[in-house]
Amino acid sequence: LIKNPVGTACGFAVREKGKLLFFLPGVPKELTRMTDDSVTPILQRENRELVKFKTATLKVFGLSESKIADLIRDVVERSDSVKVSYLPNYPENYIRITARGFNDQEALKIVSKAADGIAKRLGDYVFGRDNQTLEGVVGDLLRSNNNTITVAESCTGGLVSQRLTNIPGSSDYMKRGIVAYSNEAKVDLLHVPAHLIDRFGAVSTEVAEKMAEGAREFGKTDLGVGITGIAGPGGGTPEKPVGLVFISLADEKETVVKKYNLRGDRTQIRLVTSETALDLVRRYYLNV
């Protein structure tokens, strides 16, 4: 007997001349549920090669796991052949999508459709799939646009430059990495006016803006990134608390500065800052 958890008519299976025959009610909801709960597991036990599984991973930055679950709940519930799991990888969140089918082609089609639907729902918060990394995506965008970049870092201490240069062939676009940790370095290397530091402080919109512009000029590149902030655990004030970060991006036309109030310990703040800086470059090419 095959139990029917959503209806009154049971099903049953019969083995005849080495073949399995399944008899199920025709109501779609009942048929689907009984197939998922009973028929497919039986077939898997009978022949491990009969049911195929395919997976895809979407990589997200800027949304919490609970927010992602809320946004995609109805997308996931549309298919009984798709299962979704969440894999936090601070500061990113990965969405693992697993689909089953009776052959590779069917399973691949189902998982691709599910991944596309979830990616559409989450929009530009999805930065990559499967083995892609954020620094790799940024590198591909720089290369495809035939652009180069120089990064000037203070609180991150070269972490953004390290991540960009982790990618093989990054010399195509990554030209300079400057750690301007002290005020003197900001003035000497990036030509940040000393009076701006005196008036607004090293962690400010004004200084971040000049760091990005100075980086671009120093490296003679298409883009310049400037990062300044307070990673902690000390150094914060009521006006400028630990976690206050300014990230700036400059091209030949304009300079944009973003202010962030980040949480965490020193390592976490530095890591999230590097992630946010790379994501700012990615979003620059997406025009979002």
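Position 1 is the first residue of the sequence, and the numbers go up from there.
Of the residues Asn147, Asn145, Asp140, the one that meets the side chain to side chain donor-acceptor pair (under 3.5 Å) test with Tyr285 is Asn147. Paired with Arg121 under the rule salt bridge (Lys or Arg N to Asp or Glu O under 4.0 Å), one option of Asp74, Asp116, Asp70 passes, and it is Asp74.
Between the side chain of Gln268 and the backbone N or O of Asp265 there is at least one donor-acceptor pair closer than 3.5 Å. Formation of a donor-acceptor pair under 3.5 Å by the Lys220 side chain with backbone atoms of Arg216 is not found in this model. A donor-acceptor pair is defined here as one N or O able to donate and one able to accept, closer than 3.5 Å; such a pair exists between the side chain of Asp130 and the backbone of Thr57. Judged by distance alone, the side chain of Glu153 and the main-chain N or O of Ser161 form a donor-acceptor pair under 3.5 Å. At least one donor-acceptor pair under 3.5 Å links the side chain of Thr273 to the backbone N or O of Ile269. The backbone N or O of Glu92 sits nowhere less than 3.5 Å from a side-chain atom of Glu275 that would complete a donor-acceptor pair. Remark: side-chain polar atoms of Thr40 are paired, donor with acceptor, to backbone N or O of Thr35 under 3.5 angstrom.
To the nearest 0.5 Å, atoms NZ (Lys258) and CG (Asp279) are separated by 11.0 Å. The CG atom of Leu43 sits 11.0 Å away from atom OG of Ser38, with the distance rounded to the nearest 0.5 Å. Distance check: Thr156 OG1 to Arg163 CZ gives 10.5 Å after rounding to the nearest 0.5 Å. Note that CG of Leu280 and OH of Tyr260 are 5.0 Å apart. Values are rounded to the nearest 0.5 Å. Of the inter-residue distances, the one linking Asp36 atom CG with Met34 atom CE reads 11.5 Å to the nearest 0.5 angstrom. How far NZ of Lys19 is from CD of Glu16: 12.0 Å, rounded to the nearest 0.5 Å.
Defined by atom type and a distance below 3.5 Å, a donor-acceptor pair is missing between the side-chain atoms of Arg100 and Ser81. A side-chain donor from one of Thr221 and Thr150 sits under 3.5 Å from a side-chain acceptor of the other. No side-chain donor from either of Glu65 and Asn93 sits under 3.5 Å from a side-chain acceptor of the other.
The shortest distance between side-chain heavy atoms of Leu24 and Arg33 does not fall below 4.5 Å. Considering only heavy atoms from C-beta on, Val160 comes within 4.5 Å of Leu164 through its side chain. Between Thr237 and Ile230 the shortest side-chain heavy-atom distance does not fall below 4.5 Å. The side-chain heavy atoms of Val256 and Tyr284, taken from C-beta on, include no pair separated by under 4.5 Å. Inter-residue side-chain proximity for Arg96 and Thr55 is flagged as met; some heavy-atom pair is nearer than 4.5 Å.
For the pair Arg282 and Tyr125, the cation-pi test (distance below 6.0 Å, angle within 45°) is failed. Both the sub-6.0 Å distance and the 45° axial angle are not jointly satisfied by Lys259 relative to the ring of Phe246.
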Determine, step by step, whether Leu122 and Ile68 satisfy the side chain to side chain contact (heavy atoms under 4.5 Å, CB included) criterion, reporting the C-alpha distance in whole Å, the side-chain angles of both residues, the deciding distance to 0.1 Å, and the verdict.
CA-CA 8 Å; Leu122 299 181; Ile68 294 171; 4.1 Å; yes
As a quick check of understanding, evaluate salt bridge (charged side-chain N to carboxylate O under 4.0 Å, His left out) for Glu213 and Lys210, giving each step before the final call.
CA-CA 5 Å; Glu213 293 172 353; Lys210 293 302 179 182; 3.5 Å; yes
If you apply the rule side chain to side chain contact (heavy atoms under 4.5 Å, CB included), what do you find for Tyr90 with Val272, and how did you get there?
CA-CA 8 Å; Tyr90 187 85; Val272 176; 3.1 Å; yes
Stepwise side chain to side chain contact (heavy atoms under 4.5 Å, CB included) check, Ser248 with Thr255
CA-CA 7 Å; Ser248 182; Thr255 303; 3.1 Å; yes
Applying side chain to side chain contact (heavy atoms under 4.5 Å, CB included) to Ile227 and Met211, what does each step give before you reach the verdict?
CA-CA 7 Å; Ile227 302 168; Met211 287 178 67; 5.6 Å; no
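With salt bridges taken as basic N to acidic carboxylate O contacts below 4.0 Å, none links Glu106 and Lys109.
A 6.0 Å sphere centred on CD of Gln105 holds no more than 12 heavy atoms belonging to other residues, nucleotides or ligands. Heavy-atom neighbours of Leu286 CG from other residues, nucleotides or ligands within 6.0 Å: above the threshold of 12. Under a cut-off of 6.0 angstrom, the local environment of CG in Asn131 is sparse, with at most 12 non-hydrogen atoms contributed by other residues, nucleotides or ligands. Atom NZ of Lys83 has 12 or fewer heavy atoms from other residues, nucleotides or ligands within 6.0 Å. Shown here is Lys113, whose NZ atom has no more than 12 heavy atoms of other residues, nucleotides or ligands within 6.0 Å.
Here the shortest heavy-atom pairing between Ala115 and Leu58 reads O-CD1, 3.6 Å. In terms of heavy atoms, Arg270 sits closest to Ala231 at CG-CB, 4.0 Å. Contact detail for Asp222 and Asn146: the closest heavy-atom pair is OD2-O, 3.9 Å. Of all the heavy atoms in Leu31 and Pro25, the pair that sits closest is CB-O, 3.6 Å. The two residues Lys186 and Thr228 make their nearest non-hydrogen contact at CE-OG1, 4.3 Å. Between Val225 and Ile149, the shortest heavy-atom distance links the atoms CG2-CD1, 3.8 Å.
The hydrophobic clustering, which links ILVMFWY residues whose side-chain heavy atoms are closer than 4.5 Å, places Leu189 and Val151 apart. Placement of Leu142 and Ile247 within a single hydrophobic cluster is found when ILVMFWY residues are connected by side-chain heavy-atom separations under 4.5 Å, directly or transitively. Linking ILVMFWY residues whenever their side-chain heavy atoms come closer than 4.5 Å, directly or via other members, leaves Leu134 and Tyr94 in distinct clusters. Following chains of ILVMFWY side-chain contacts shorter than 4.5 Å, one cannot reach Leu278 starting from Val179, and the two form parts of different hydrophobic clusters. Val203 and Val207 fall into different hydrophobic clusters, where Ile, Leu, Val, Met, Phe, Trp and Tyr side chains are chained together by heavy-atom contacts under 4.5 Å.
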